[in-house]
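What follows is one structure encoded as structure tokens, with my remarks underneath.
Each residue takes its place number in the sequence, starting with 1.
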Amino acid sequence: AALAQTRAGIPFKEFLSLIARTAGGRVDLSCHQIAQAWAEAGLVDLLRRQDRSQTLVLPQVPRFMMIRRGPSVEARLVGLATSDVVAVIETLARDCAISWFPATSTLQPSLLRLSGVRAERVAELSASAGLPEPEWLAWSSDESAPNHLRIPQNVVGLSHGAPPDAYRFDARWDWNDMVFRPKTINGRRDLVEVERRRHPARCSIYVVLVDRDPMLWCHFRTWALLRAAELAETAPFYATSGGDLRAVGISPIHLPLAIGRLCAVAGAGLPGPELDLGGKVKSYVYPFGSRMLHRVRTLLPAQWIENLPKKG
């Protein structure tokens with residue numbers, strides 16, 4: 001609630017501490033995965049400053065996103081809404097079919113959904129509740145996907161060659177457990193590696209190495225790992241028969257943010273980590289649903305996805 005009331009945002013470390021206190025534990029890798037789930041659900045934005053070592057968490061203004069469902073509309077309330085805002089909407093929308101869209105983890109807020117309504121009614125509710133005008137998700141065919149959902153060949157922010165010398169080694173990606181580790185286990189080195197490197201005054205970078213030579217680097221963990229997985233010919237996700245995309249590991253690889261938010265807005269559930277009974281991360285789940293997953297696969301490189309679960 002405090003985060004929703006401030007537009008200036010809070011430091012990422014403070015946000016992780018809030019998640020840890022809610023979970024009754026300490027800050028660990030699961031807190032980072034929960035934070036990613038909040039961003040993919042459109043609750044917050046994570047803003048990294050490249051001129052200093054700081055990430056800010058900014059709340060998203062709540063608004064309805066509308067999807068055409070036959071002759072009517074489904075509207076989902078995205079953004080970080082306080083309990084007071086939600087109560088106002090529930091009161092105003094008593095004539096509508098209201099349900100709560102399920103989250104993957106109990107540490108993620110559910111998402112309010114209106115089903116079988118008219119677009120005009122959603123606009124009226126938004127105005128009465130003091131929300132911005134609702135927006136449409138328009139994707140009528142496989143060929144008409146919005147440009148921001150397509151995966152570009154040349155990602156903005158990826159630099160080729162060696163990174164600046166001022167960045168020093170911090171950790172190396174473990175392809176078996178899917179996590180960054182400060183030391184190499186048993187001295188094992190891989191043909192394709194990803195190193196996290198730190199700077200005393202700037203945010204971290206991620207360097208992709210092939211046969212120990214730097215090939216490219218960037219400030220974005222997701223894009224570095226996805227490009228490395230392509231080079232290593234390792235599919236970071238597998239598709240289930242129920243329409244999920246899953247990434248296994250202690251600190252799994254994620255889809256690009258726009259695709260994760262598409263899951264929240266038009267999928268069968270909210271993306272997020274799957275935790276074991278001890279609160280440790282087992283996998284990260286994108287519950288698109290079979291129909292939406294078919295469309296999503298037209299956007300993603302084929303080598304990103306396996307059709308069957310990974311063994312072990």
Side chain to side chain contact (heavy atoms under 4.5 Å, CB included), paired with Pro273, selected from Val285, Leu107, Ile34: Ile34

Trp173 and Tyr206: CA distance, side-chain angles, deciding distance, ring-ring contact (aromatic ring centres under 6.0 Å, His included) verdict: CA-CA 10 Å; Trp173 185 251; Tyr206 299 88; 9.2 Å; no

Ring-face cation of Arg196 near Phe180 (centre distance under 6.0 Å, axis angle within 45°): yes

4.5 Å side-chain heavy-atom contact, Leu226 and Trp304: yes

Heavy-atom donor-acceptor pair, Glu40 side chain to Ala37 backbone, under 3.5 Å: no

Arg63/Glu133 under salt bridge (charged side-chain N to carboxylate O under 4.0 Å, His left out): CA gap, chis, key distance, verdict: CA-CA 7 Å; Arg63 75 188 320 143; Glu133 292 185 4; over 6 Å; no

Sub-4.5 Å side-chain heavy-atom contact between Arg297 and Ile305: yes

Ring-face cation contact, Phe101 with Arg76, 6.0 Å cut, 45° max: yes

Joint cluster assignment, Leu255 & Val78, ILVMFWY side-chain distance < 4.5 Å: yes

Nearest-0.5 Å distance that lies between atom CG in Leu114 and atom CG in Leu125: 6.5 Å

Shared hydrophobic cluster for Leu262 and Trp136 (ILVMFWY, side-chain gaps under 4.5 Å): no

Side chain Gln108, main chain Ala41, donor-acceptor under 3.5 Å: no

Any Ile253 side-chain heavy atom under 4.5 Å of Phe237 side chain: yes

Cluster link Val57 to Leu16, ILVMFWY, side chain under 4.5 Å: yes

Check: Pro256 main-chain N/O paired with Thr222 side-chain donor or acceptor under 3.5 Å: no

Inter-residue atom distance Ser126.OG - Ile89.CD1, 0.5 Å rounding: 7.5 Å

Residues Asp174 and Arg189 bridged, charged N to O under 4.0 Å: no

Under 3.5 Å donor-acceptor, Arg48 side chain and His219 backbone: yes

Distance-minimising heavy-atom pair for Ala81 and Leu77: CB-CD2, 4.2 Å

Side chains of Pro11 and Thr55 in contact at under 4.5 Å (non-hydrogen atoms): no

Side-chain H-bond candidate by donor/acceptor type, Asp28 with Ser30, under 3.5 Å: yes

Cationic N near anionic O, under 4.0 Å, Arg172 to Glu193: yes

Interatomic distance, Leu257 atom CG to Asp45 atom CG [nearest 0.5 angstrom]: 7.5 Å

Test item: side-chain donor near acceptor, Arg221 and Ser251, under 3.5 Å: yes

Test item: Thr298 side-chain N/O and Arg295 main-chain N/O as donor-acceptor pair under 3.5 Å: yes

Atom of Leu275, atom of Ser105 and distance for their closest heavy-atom approach: CD1-OG, 4.1 Å

Joint hydrophobic cluster, Val86 plus Trp38, side-chain heavy atoms closer than 4.5 Å: no

Straight-line distance of Cys31 SG to Lys13 NZ, nearest 0.5 Å: 14.0 Å

Evaluation steps, side chain to side chain contact (heavy atoms under 4.5 Å, CB included), between Leu231 and Val210: CA-CA 8 Å; Leu231 293 170; Val210 178; 4.1 Å; yes

Common cluster, Phe64/Ile67, ILVMFWY with side-chain heavy-atom separation under 4.5 Å: no

Asp276 (side chain) donor-acceptor with Gly278 (main chain) under 3.5 angstrom: yes

Heavy-atom side-chain proximity of Arg168 to Arg197 below 4.5 angstrom: no

Smallest separation among heavy atoms of Ser290 and Ser241, with atom names: OG-O, 3.7 Å

Heavy-atom pair with the smallest gap, counting every atom of Cys203 and Tyr167: O-CE2, 3.5 Å

Cys263 SG to Leu270 CG distance, which is reported to the nearest 0.5 Å: 7.5 Å

Least distance between heavy atoms, Thr22 atom then Leu18 atom: OG1-O, 2.9 Å

Flag if over 12 foreign heavy atoms under 6.0 Å of CE, Met292: yes

Check: Arg202 and Pro164 side chains under 4.5 Å, non-hydrogen atoms: no

Worked verdict on Val281 versus Ile250 for side chain to side chain contact (heavy atoms under 4.5 Å, CB included): CA-CA 5 Å; Val281 178; Ile250 301 173; 5.6 Å; no

Chi angles and distances behind the side chain to side chain contact (heavy atoms under 4.5 Å, CB included) call for Trp175, Asp190: CA-CA 9 Å; Trp175 288 104; Asp190 297 300; 3.4 Å; yes

For Arg181 against Asp177, the heavy-atom pair lying closest together: NH2-OD2, 2.6 Å

Pair Glu74 + Arg68, salt bridge at N-O below 4.0 Å: no

Distance flag, aromatic centroids of Phe15 and His32, threshold under 6.0 Å: no

Any side-chain heavy-atom pair of Leu225 and Phe220 under 4.5 Å: no

Verdict with supporting geometry, Leu112 and Trp100, side chain to side chain contact (heavy atoms under 4.5 Å, CB included): CA-CA 5 Å; Leu112 187 146; Trp100 288 93; 3.8 Å; yes

Atom pair CG (Leu245) and CG (Leu293), whose distance is rounded to the nearest 0.5 Å: 5.0 Å

Glu195 vs Trp217 side-chain heavy atoms within contact, under 4.5 Å: no

